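What follows is a set of notes on a single structure, which appears directly below.
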Amino acid sequence: MRRHESTQRPNELRFFPADEANAFSKVECARDFDRANFGLPVGGIAYWRSISDCDRKTALVNPMEAIVYCEYGSPDVLKFEDVEKPVPQDNQVLIKVRAASLNALDAYMIRDAWLNRLIFGLRKPRDTRLGRDVAGQVEAVGKNVTQFKSGDEVFGIGRGSLAEYACTLERALVVKPANVTFEQAASVPLAGLTALQGIREGKIQPGQKMLINGATGGVGTFAVQIAKSFGAEVTAVCSTRNVDLVRSIGADHVIDYTKEDFTKSDQRYDVIFDNVCNHSFFKRRRVLTTKGICVLAGMGGAGVKGGEAMGRIVGNLFIARGLSSFTNQRFAQYMTKMSKDDLIMLGDLVQAGKVRPVIERTYNLGDAPEALRVFDQGHARGKLVITIGEASR
Ligand SMILES: NC(=O)c1ccc[n+]([C@@H]2O[C@H](COP(=O)([O-])OP(=O)(O)OC[C@H]3O[C@@H](n4cnc5c(N)ncnc54)[C@H](OP(=O)(O)O)[C@@H]3O)[C@@H](O)[C@H]2O)c1
């Protein structure tokens, strides 16, 4: 990971892709994924013979509860177990996790897909811990950490956040606004950053028309509200049961995709923020203004699997993007980055009440496997949040 950081701004950590090329994000904790050299047979053998935390039989010195996965598969592979409490490195912060939230990334990472095996471990996942979004209290800091001290309330991205404690780099965290709950703060990081950075990619201007396809999941509910705060006129696309929800968070117009196909409308949009990417290049182009931008944000969430997911990836990242280079319209793909400035901005929007995190339900840590099963169906309304502490025991 270190080598990915060299060209970045100081407050930015770059995520990089896994099985859905534009949707995976990651921040380093204690171990690096890119220790691997996949090109060498020696590396392959090392991985084949490698062990994960699940193979270690030594007694735990400082146990804590966590969600772990020892093999790839469905959310059924998740276990609620005692593991060793992490120790922060010099540049890391140890967080007592109060809340975490689920993202498509968590669902994708555990899947038994060849690309996952190449990236996360051939035989079994090397890193057995799950979760990225985190909110909690600083428990301890490494000796090089200057911005946080024990007791600070923070939120951000920390690997293995589905646990009592997680550690992460100080630049992956910001201070939690006092009037924002841990649950709200934990719902923000990945989905909020994806929405904010995607909307910027669309270069939306006040008064312009923006359509958000997939407006009621984690990313979509932030995108609707952030786009409104930027002064856009927002049309939200969702299923029947979510029409009222999306209106309640500010959408000016709603299209129920079970009744109407937005690509057949007479309306033209300056920006399409496409969280689903389930329409062809030509159909979406038809409803874009002459210099409109279609932002390719996602593939429809964790409910889209196998061949369908691959079809959307190929159809968008290669075909739609390629074809758009011959037109004045742009089909833009981006990768969400951890940016402290963006996270602070999102915290400010929530603090000011301009963005209200939509949380469908909270679960105790021990029920996280059930939460991921629900999330994996692809129809979460906003975010699913895991609360951690005495209640989870
Ligand atoms: N670009 C990046 O770096 C990046 C980063 C993070 C995430 N992502 C991607 O962003 C996407 C969304 O993530 P998420 O966390 O918001 O997922 P999510 O919470 O599971 O939401 C998925 C949404 O898709 C909607 N949907 C499903 N089928 C639809 C259809 N045919 N038409 C319109 N909407 C439909 C669902 O709404 P209904 O329930 O109403 O069907 C739901 O609101 C994922 O594909 C994820 O991988 C990208």
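Quick note: numbers below take in every heavy atom, side chains included, and nothing from hydrogens, waters or symmetry partners. For clarity, every value in this text was computed on a predicted model and none was experimentally measured. All ligand and atom numbering here is 1-based and tracks the order in the structure.
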For atom CG of D90, is the number of surrounding heavy atoms from other residues, nucleotides or ligands below 6.0 Å larger than 12? yes
R356 vs I249, test: side chain to side chain contact (heavy atoms under 4.5 Å, CB included). Steps then yes/no. CA-CA 8 Å; R356 174 175 62 86; I249 56 173; 3.3 Å; yes
Which ligand 1 atoms are under 4.0 Å away from a heavy-atom of G378? 22 (C), 36 (C), 42 (C)
Looking at every non-hydrogen atom in both residues, tell me the closest pair between G347 and P177 and how far apart they are. O-CG, 3.7 Å
Close side-chain approach of K203 and V271, heavy atoms under 4.5 Å: no
Taking distance alone, with N or O pairs closer than 3.5 Å, would you say G382 contacts ligand 1? no
Of all heavy-atom pairs linking N179 and Q184, the shortest is O-OE1, 4.2 Å
So, regarding N103 and ligand 1 (criterion: nitrogen or oxygen to nitrogen or oxygen, under 3.5 Å), is there a contact or not? no
Does L349 share a hydrophobic cluster with L190, counting links as ILVMFWY side-chain heavy atoms below 4.5 Å and allowing steps through other members? yes
Going by the order shown, which atoms of ligand 1 are within less than 4.0 Å of some heavy atom of G298? 9 (C), 10 (O), 11 (C), 45 (O)
The one among D256, T194, V358, D261 that brings a heavy atom closest to atom 5 (C) of ligand 1: T194
Contact (N/O only, under 3.5 Å) between H379 and ligand 1: yes
With a cut-off of 4.0 Å, which atoms of ligand 1 are near a heavy atom of Y334? 1 (N), 3 (O)
Is A215 touching ligand 1 with its side chain, its backbone, both, or neither, if touching means heavy atoms under 4.0 Å apart? neither
Output yes when the distance from some N or O of ligand 1 to some N or O of A297 is under 3.5 Å, and no in every other case. yes
Part of N213 within contact of ligand 1 (heavy atoms, under 4.0 Å): side chain
Enumerate the disulfide (SG to SG under 2.5 Å) contacts for residues 64-105, please, sequence neighbours excluded, ordered by first and then second residue. C54-C70
How does N278 reach ligand 1, by side chain, by backbone, by both or by neither, if only non-hydrogen atoms under 4.0 Å count? side chain
Below 4.0 Å from ligand 1: does a non-hydrogen atom of G300 turn up there or not? yes
Any nitrogen or oxygen of G217 lying under 3.5 Å from a nitrogen or oxygen in ligand 1? Just yes or no. yes
Verify side chain to side chain contact (heavy atoms under 4.5 Å, CB included) between C238 and V254, making sure each step is shown before the conclusion. CA-CA 7 Å; C238 65; V254 183; 3.9 Å; yes
Per-residue contact class, N242 against ligand 1 - non-hydrogen pairs under 4.0 Å: side chain
Could you give all pairs that pass the side-chain hydrogen bond (donor to acceptor under 3.5 Å, both in side chains) test and reach residues 217-230, with sequence neighbours left out? K228-D252
Go through the side-chain N and O atoms of T263 and D261 and say whether any donor and acceptor fall under 3.5 Å apart. yes
Looking at F262 and V287, what are the two nearest heavy atoms and their distance? O-CG1, 3.5 Å
Which of the numbered atoms in ligand 1 are under 4.0 angstrom from any heavy atom belonging to A104? 46 (C), 47 (O)
Please list, in number order, the atoms of ligand 1 under 4.0 Å from a heavy atom of T216. 37 (O), 40 (O), 43 (O)
Test your reading of the model: is there a side-chain donor-acceptor pair from R284 to the backbone of H279, 3.5 Å cut-off? yes
Note: V219, heavy atoms under 4.0 Å from ligand 1, region reported as both
Honestly, for T336 the part within reach of ligand 1 (heavy atoms, under 4.0 Å) is both
Residue Y108 vicinity, atoms of ligand 1 by number, heavy atom under 4.0 Å: 44 (C), 45 (O), 46 (C), 47 (O)
Looking only at distances, please establish whether an N/O atom of ligand 1 is found under 3.5 Å from an N/O atom of G218. yes
Any idea which of N275, V374, I313 brings a heavy atom closest to atom 11 (C) of ligand 1? N275
Do K149 and V138 come close enough that some side-chain heavy atom pair is under 4.5 Å? no
Is there a nitrogen or oxygen of M335 sitting under 3.5 Å from a nitrogen or oxygen of ligand 1? no
How far apart are the C-alpha atoms of S324 and Q329, what are their side-chain angles, what is the distance that settles it, and do they pass the side chain to side chain contact (heavy atoms under 4.5 Å, CB included) test? CA-CA 6 Å; S324 79; Q329 294 151 324; 5.7 Å; no
Sub-4.0 Å atoms of ligand 1 with respect to non-hydrogen atoms of V276: 29 (C), 30 (C), 33 (C), 34 (N), 35 (C)
